[in-house]
Amino acid sequence: MCTNGVNVSQFKMMLEQMDDQVALNRRWTHKLYHSAADAEYAKTAETLKEIQGLLDEARALLTDAQDALDKDASGASGVTVNLV
């Protein structure tokens, strides 16, 4: 269903896909962090730890975007387009 020219269901799915991708990148960054720490690459491990934090922030913002989309879609003008 489209609201204000946007397919809300598809938009939600794309936000979920972005979150899944960031989650995957977060997991790989975590694995790399441990590899660097075990190899005593302190600067690399520190940088990877910072990246993990930024990816966590990105996931939180994606959740905020999903919540905002729900609010925006429910407050839309009521114009909907359905495929017949």
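FYI, side chains are in, hydrogens and waters are out, and symmetry mates aren't considered; it's all heavy atoms of this structure.
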Listed partners of N25 passing side chain to side chain donor-acceptor pair (under 3.5 Å), at least two apart: Q21
Apart from L24 itself, residues in the same hydrophobic cluster as defined by side-chain heavy atoms under 4.5 Å: W28
Sequence neighbours excluded - side-chain hydrogen bond (donor to acceptor under 3.5 Å, both in side chains) pairs with any residue from residues 55-69: D19-R59, R26-D56
For residues 31-51, which side-chain donor-acceptor pairs fall under 3.5 Å, sequence neighbours excluded?
| unit_1 | atom_1 | unit_2 | atom_2 | d |
| --- | --- | --- | --- | --- |
| H34 | NE2 | H30 | NE2 | 3.0 |
| S35 | OG | K31 | O | 3.2 |
| T47 | OG1 | K43 | O | 3.0 |

Pairwise distance CG(L61) to CG(L54) - rounded to 0.5 angstrom: 10.5 Å
Cluster overlap V22 with M14, hydrophobic side-chain contacts below 4.5 Å: yes
Closest heavy-atom pair and its distance - V8, L69: O-CD2, 4.2 Å
For K12, all residues meeting salt bridge (charged side-chain N to carboxylate O under 4.0 Å, His left out), sequence neighbours excluded: D70
